[in-house]
Amino acid sequence: MHTPPKLLLPVLAVLALSLVSPIGAAAKEPTDSDPAIATKAPPVRTPPGYDISYPQCGGPFPSPFSFAIVGVNGGRVYSPNPCLGAGNGPSELAWAGRDAQLYANTGNPGPELSSYWPIGQTTPRECGTAAKPDLDTVDCAYDYGWNAAADSYRIAVEAYISLGWAEPGATRTPVANAWWLDVETANSWRDDPALNVAALQGAVDYLESVGAASVGFYSAPNMWNAITGGTDAFAAYPSWHAGARTLRGAKANCGDPSLTGGDLVMTQYFDKGFDANYLCP
């Protein structure tokens, strides 16, 4: 995942030794070869976290990494990432590990453009029923987001099963993953931010209902504002910001206001041809 223009600081280990001369003996002038000289270990670069998805199908995948995030969709809602599980070349979930963070695409195309629109759905909200015949409502948008997140979660469960990490027929992932919702203008959205916010709320509520360890939002400020109107409805949720080209830029972006109004926990940048991620202090 990357939006064109969801770390630990490197640790410098220092070993300090003391030189002690015997009482009454002449002090010995240290030399470069003296093993008692205090030395500094070379700087240790902690590898960044990386996020990959369907564009990286077939590999290679970035290595080493300190944490991994994998996209479950093929760039839009109701589409699977064909390389998430086993069966279509190297598995991206296998690369990331059982405890991988996951991200799902989001959107709200509306009833006229989507064949998945929840017409006649009554739970968790009513859409297009006799009681509520209008199809273009906040409740319908909520159901659409709920259903889209449910489909993304199903894709993740099937990937775990394909790798032998979950039993056949399982309906839950074997670990409580952290989930990120990818909010980008490249996907379909309505002109009314309230409808888009409702779809995102439905997605959040579904993922929380199945025990996600956490739910957060990935976007860039201009896209978030265009799609949600800069809503504060998700101020209790963390954000992951796109937009930096370099690690220095990613570090600088940690000083930006959070998209959601919650904690800004991570910023994205380019590293060796991949999307890398820096954990904000």
Side-chain angles (χ1 to χ4, degrees), residues 1-6 53-55 71-81 103-153 179-208 215-243 253 256-262 264 268:
M1 168 178 57
H2 184 76
T3 304
K6 63 184 153 293
S53 189
Y54 72 98
V72 302
N73 302 112
R76 62 184 187 280
V77 296
Y78 292 106
S79 68
N81 172 0
Y103 78 84
N105 288 108
T106 59
N108 179 10
E112 295 184 1
L113 297 179
S114 176
S115 59
Y116 293 96
W117 203 251
I119 301 171
Q121 187 164 321
T122 59
T123 183
R125 300 191 181 176
E126 291 187 353
C127 176
T129 62
K132 294 184 177 181
D134 189 355
L135 295 177
D136 197 11
T137 65
V138 165
D139 286 343
C140 290
Y142 179 94
D143 283 346
Y144 181 85
W146 174 283
N147 296 347
D151 186 69
S152 294
Y153 187 80
W179 281 81
W180 295 95
L181 295 174
D182 182 354
V183 183
E184 300 191 47
T185 51
N187 296 114
S188 298
W189 296 97
R190 308 306 304 283
D191 291 335
D192 183 354
L195 297 175
N196 300 332
V197 170
L200 292 173
Q201 187 65 63
V204 168
D205 290 350
Y206 177 81
L207 291 172
E208 291 184 335
V215 181
F217 293 89
Y218 166 92
S219 192
N222 60 324
M223 294 191 297
W224 179 260
N225 291 333
I227 292 167
T228 74
T231 183
D232 60 1
F234 304 108
Y237 296 88
S239 63
W240 167 20
H241 288 198
N253 284 353
D256 291 345
S258 168
L259 298 169
T260 60
L264 170 53
Q268 188 185 64

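Computed from a predicted model, the values in this text were never measured in an experiment.
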Verdict with reasoning, D182 to N105, per side-chain contact (heavy atoms from CB on, under 4.5 Å) | CA-CA 5 Å; D182 182 354; N105 288 108; 3.3 Å; yes

A side-chain contact here means heavy atoms from C-beta on lying under 4.5 Å apart; do [X] and [Y] qualify?
X    : Y    : answer
V183 : M223 : no
N147 : Y116 : no
N187 : V77  : no
Y142 : D205 : yes
L195 : D136 : yes
P193 : T231 : no
W224 : T260 : yes
W146 : R125 : no

Apply side-chain contact (heavy atoms from CB on, under 4.5 Å) to D139 and K132, showing your working.
-> CA-CA 9 Å; D139 286 343; K132 294 184 177 181; 2.8 Å; yes

To the nearest 0.5 Å, tell me how far [X] [atom1] sits from [Y] [atom2].
X    : Y    : atom1 : atom2 : value
I227 : R190 : CD1   : CZ    : 13.5 Å
N108 : N196 : CG    : CG    : 5.0 Å
L264 : N253 : CG    : CG    : 8.0 Å
D143 : E126 : CG    : CD    : 9.5 Å

To check you understand the geometry: which heavy-atom pair defines the closest contact between [X] and [Y], and what is its length?
X    : Y    : answer
L259 : A220 : CD2-C, 3.7 Å
Y218 : E184 : CE2-OE2, 3.6 Å
Y54  : N73  : CD2-O, 3.7 Å
W117 : C127 : NE1-SG, 3.9 Å
C140 : G128 : SG-N, 4.1 Å
S53  : Y103 : CB-OH, 3.1 Å

In terms of the angle between their ring planes, are W179 and Y153 parallel, tilted or perpendicular, with boundaries placed at 30° and 60°?
->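 Ring orientation, 0 to 90° scale: tilted.
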
Any chance you could lay out the side-chain contact (heavy atoms from CB on, under 4.5 Å) test for V204 and L181, step after step, and finish with the verdict?
-> CA-CA 8 Å; V204 168; L181 295 174; 3.7 Å; yes

Do V197 and F234 pass the side-chain contact (heavy atoms from CB on, under 4.5 Å) test, and can you show the C-alpha distance, the side-chain angles, and the key distance before you say yes or no?
-> CA-CA 9 Å; V197 170; F234 304 108; 4.0 Å; yes

For S188 and P109, indicate whether the former's side chain and the latter's backbone hold a donor-acceptor pair under 3.5 Å.
->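 No, S188 side chain to P109 backbone: no donor-acceptor pair under 3.5 Å.
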
Atom CZ of R76: over 12 foreign heavy atoms under 6.0 Å |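 12 or below, so no.
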
